[in-house]
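What follows is a single structure, written as structure tokens, with notes after it.
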There are 2 protein chains.
Amino acid sequence: MVSSSGTEPRRITIHDVARSAGVSRQTVSRALNDKDEIDDSTKQRVLDAARALGYRPSRFARGLVRQDTTTIGLVIPDLLNPFFTEVAAAALEAARARGWHVVVYDTADRAEEELGTLQVISSQVDAVVGYFSCPEDELELFTRGMPVVLIGREHHSARFSSIRIDGEEGVHAAVAHLVAEGHTRIGMLDHYGRAEPSIRREWFTTAAAAYGIDAGMVVGADQSADGGGAALKTLLAAHPDVTAVFTFNDIIAIGALREARRLGRSVPQDLAVIGFDGLQLGALVEPPLSSVALDTRKLGALAIDQVARLLTGVNPLGADDLVVRAELRLGGSA
Amino acid sequence: MVSSSGTEPRRITIHDVARSAGVSRQTVSRALNDKDEIDDSTKQRVLDAARALGYRPSRFARGLVRQDTTTIGLVIPDLLNPFFTEVAAAALEAARARGWHVVVYDTADRAEEELGTLQVISSQVDAVVGYFSCPEDELELFTRGMPVVLIGREHHSARFSSIRIDGEEGVHAAVAHLVAEGHTRIGMLDHYGRAEPSIRREWFTTAAAAYGIDAGMVVGADQSADGGGAALKTLLAAHPDVTAVFTFNDIIAIGALREARRLGRSVPQDLAVIGFDGLQLGALVEPPLSSVALDTRKLGALAIDQVARLLTGVNPLGADDLVVRAELRLGGSA
DNA sequence: AGCGCTCCCGTGAACGTTCACGGGAGCGCT
DNA sequence: AGCGCTCCCGTGAACGTTCACGGGAGCGCT
């Protein structure tokens, strides 16, 4: 119980254990790593000494000599957003299959956290996967020399890979389905706050045009259930004859479902709703959500696969192969 | 484009960059870490050489010399289970505030994955937080020398800390509320598959007894929404006069809500439902779920706080301080 | 007695980086 | 001319572990 007076407590190393047990470094190493070539009583003595001293091996020293661990950094804006939860779970699963470690960073949807995270990450992981909203040049600056795989984001620099989400056919199928069900007045709840309209809206517009449907009834929604509810209210107030809505994502759609019930519109009879993402959460609401569904497991697996190729330098996939297609999956809401 | 024939491609080190740029190691280090004492043109030359060679610094070598990073391992059974998502998010937030890194391991609810995870983890992190179902002696064996904080699990060895979840008062308040609303026939959907009844059921039984309520109407439920729905069906078939249910957790409660709607029982008029956990998800369903709510952020913060104390060895909290109390939070389902 | 084998154990070197320190070149000033 | 200062840059040592190798003790066999 005597602490070294004043000075910073020196780290306990394998030498300390060796001295305490009266053996050499190598013998301590043998005991700790369950190797052969050590007497049982010696091993026990070493283990006791290690425990008594509170010895913890340095993962850095160990990692330096046997270079066999890869760690990747997974950066997501908000783990509590179910979409990112699914992506994270998928990435974890794919990484685990390779025996990789995954350090998860939640940037809390704040751009300034991104840079801090990147700075901190760059000296701790072998590669980075995730969502970033910061400019490419900053991203490049902080990830110098590391493989980077972006998800659902366009990139211009050849420095990065990115997984593209292709929902064009899926959205087309969604509109086709609504039309087949007799809907002619179809609105959209888009993602609010972006300067330009979303790509998902473009897909919607294109598909609507193919069926001669007016694609002008669009309201921006905050990316939350409450936001979806509010947006639906606004949309229906402006266009009471709307009988179907397509939404930017499932969270917004779920908010719309809830709001429809409050407005006394039953789903899908009075109002059909189709979301985007295909969250597992969509199965929990009533009626189960119809959605242009993404295979998040494939998304995660693809991202990790590309990281593996970039790390080894063999056959990295090109943009054409880094695509996950979304497909219409009917629940009961449309 | 010439690859070294046959042999394993040697790692590119700071020496290679130094030689290529015609400078010393130290100068390369200065360029890479944005230090002073280097000429701008030299720095650029080094950076170019590093990029051309595809140089990536070794985090192990760097970590070995400047020992300033702590990494903790977070082990959870299933990230897609919303409860664990919230706990994970809370732990990430608390760790981020300290500048720590968090490696997340999803054991996919399989005990055999736990041991593999532990083995792999032990050489990669400074401490472990999470859920484990394996026996304590195995846990001890694989975490030798590392601080371990368990969540929501009893432990007997002084080797571990654990965060206890205390829902006794909260469940009592839930039953009191139901009684005050005029309910006399209250059932419970417990967690299915455990040998012994859950602690949450004990709390329910105790509280019911205090109000002279029969606590015998209990059905086991699989820990999923579907499981909750099926269990409610079974319960109501056996006891049609039940007007209120308390559930093991919110996921089961949400399944019960859905099933109630299918059975034509409106909530809360015909059937009151109170869950446990207080998930954010509960606000997305209709009506919003009443629940004996846990402060998951506090849970995560407390776990990380204890890890910090254990790592430094100063004032680790005792069992009495490692408690998170659950409180009744009314939505609209009861 | 000598040989070979097994069982243990220890010593130097290496992993790849940063720290501490030393020192040369060049310039301005007295 | 000499001094001091700034600007750059390089060399040895250290971080804490594992690998490769050497070697002694003890035993059984011929």
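Residue numbers start from 1 in every chain, and the chains themselves are labelled A, B, ... in the order their sequence lines are given, proteins ahead of strands. Predicted, not measured: the structure shown is a model, and the values here were computed from it.
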Query raised in the report: Is there side-chain contact between B:His101 and B:Thr70, with at least one heavy-atom pair below 4.5 Å?
Result: no
Query raised in the report: Taking the side chain of B:Gln26 as its heavy atoms from C-beta onward, which of D:dT17, C:dG16, C:dT18 lies nearest to it?
Result: C:dT18
Query raised in the report: With a 4.0 Å cut-off on heavy atoms, is B:Asn33 in touch with a base, just the backbone sugar-phosphate, or nothing at all?
Result: sugar-phosphate
Query raised in the report: Choosing from C:dT18, C:dC8, C:dG16, which nucleotide comes nearest the side chain of B:Leu64?
Result: C:dG16
Query raised in the report: Rounded to the nearest Å, what distance is computed from the CG atom of residue A:Leu32 to the C1' atom of nucleotide D:dG16?
Result: 13 Å
Requested in this report: Under 4.0 Å between any heavy atoms, over every strand shown, what does B:Lys35 touch: base, sugar-phosphate, or nothing? Just pick one.
Outcome: sugar-phosphate
Query raised in the report: Could a donor-acceptor pair under 3.5 angstrom be found where the side chain of A:Glu37 meets the base of C:dC9?
Result: yes
Query - d(NE2, B:His15; C1', D:dG10) in whole Å - result: 12 Å
Requested in this report: Nearest whole angstrom, please: distance from the P of D:dC9 to the CZ of B:Arg19.
Outcome: 19 Å
Query raised in the report: Has A:Thr27 got a side-chain N or O lying under 4.0 Å from the OP1 or OP2 atom of C:dC8?
Result: no
Report task. Count the heavy atoms belonging to other residues, nucleotides or ligands that lie under 6.0 Å from CZ of A:Arg325, then report whether that count exceeds 12. Result -> no
**Report entry** Nucleotide D:dC15, atom P - distance to CD1 of A:Ile14 in whole Å
**Finding:** 14 Å
Query raised in the report: Under 4.0 Å between a side-chain N/O of B:Ser58 and OP1 or OP2 of C:dC15, yes or no?
Result: no
Query raised in the report: Under a 4.0 Å N-O cut-off, is there an ion pair linking A:Lys43 with A:Asp39?
Result: no
Requested in this report: Could you check which of D:dG10, D:dC19, C:dG10 has an atom nearest any side-chain atom of B:Arg30?
Outcome: D:dG10
Requested in this report: State, without any angle test, whether B:Thr13 and B:Arg25 hold a side-chain donor-acceptor pair at a distance under 3.5 Å.
Outcome: no
Query raised in the report: What nucleotide among C:dT18, C:dT17, D:dC19 has an atom nearest to a side-chain atom of B:Thr13?
Result: C:dT17
Requested in this report: Would you indicate what B:Arg59 reaches in the nucleic acid, counting non-hydrogen atoms under 4.0 angstrom: base, sugar-phosphate, or nothing?
Outcome: nothing
Query raised in the report: Given Watson-Crick or G-U pairs with both distances under 3.5 Å, what dot-bracket string fits DNA chain D, with | for other-strand pairs and [ ] for crossing?
Result: ||||||||||||||||||||||||||||||
Query raised in the report: Tell me: CG of B:Asp39 to C1' of D:dC9, nearest whole Å?
Result: 10 Å
Query raised in the report: With a 4.0 Å cut-off, would you call A:Arg297 and A:Glu86 a salt bridge?
Result: no
Query raised in the report: Expressed in angstrom and rounded to an integer, what is the separation of A:Arg66 atom CZ from C:dA14 atom C1'?
Result: 15 Å
Query - B:Gln306 side-chain N/O to B:Ser161 backbone N/O, donor-acceptor pair under 3.5 Å - result: no
**Report entry** Under-4.0 Å side-chain N/O to phosphate OP1/OP2 contact, A:Ser24 with C:dG10
**Finding:** yes
Query raised in the report: Are any of B:Ser29's side-chain N or O atoms less than 4.0 Å away from OP1 or OP2 of C:dT18?
Result: yes
**Report entry** Whole-Å gap separating P (D:dT18) and CZ (B:Phe60)
**Finding:** 13 Å
Query raised in the report: Can you tell which of C:dC8, D:dG10, D:dT18 lies closest to the side chain of A:Arg62?
Result: D:dT18
Query raised in the report: Do the charged groups of A:Glu136 and A:Arg159 touch, with an N to O distance under 4.0 Å?
Result: no
Query - Ion pair check, A:Asp16 and A:Arg11, cut-off under 4.0 Å - result: no
Report summary line: Side-chain atoms of B:Arg11 come closest, of C:dG16, C:dT18, C:dG10, to C:dG16
Query raised in the report: Where each residue is assigned the nucleotide of DNA chain D containing its nearest heavy atom, which of A:Ile12 and B:Arg25 is assigned the position nearer the 5′ end?
Result: B:Arg25
Report task. Kindly say whether, by distance alone, the side chain of B:Arg56 makes a donor-acceptor pair under 3.5 Å with the base of C:dG16? Result -> no
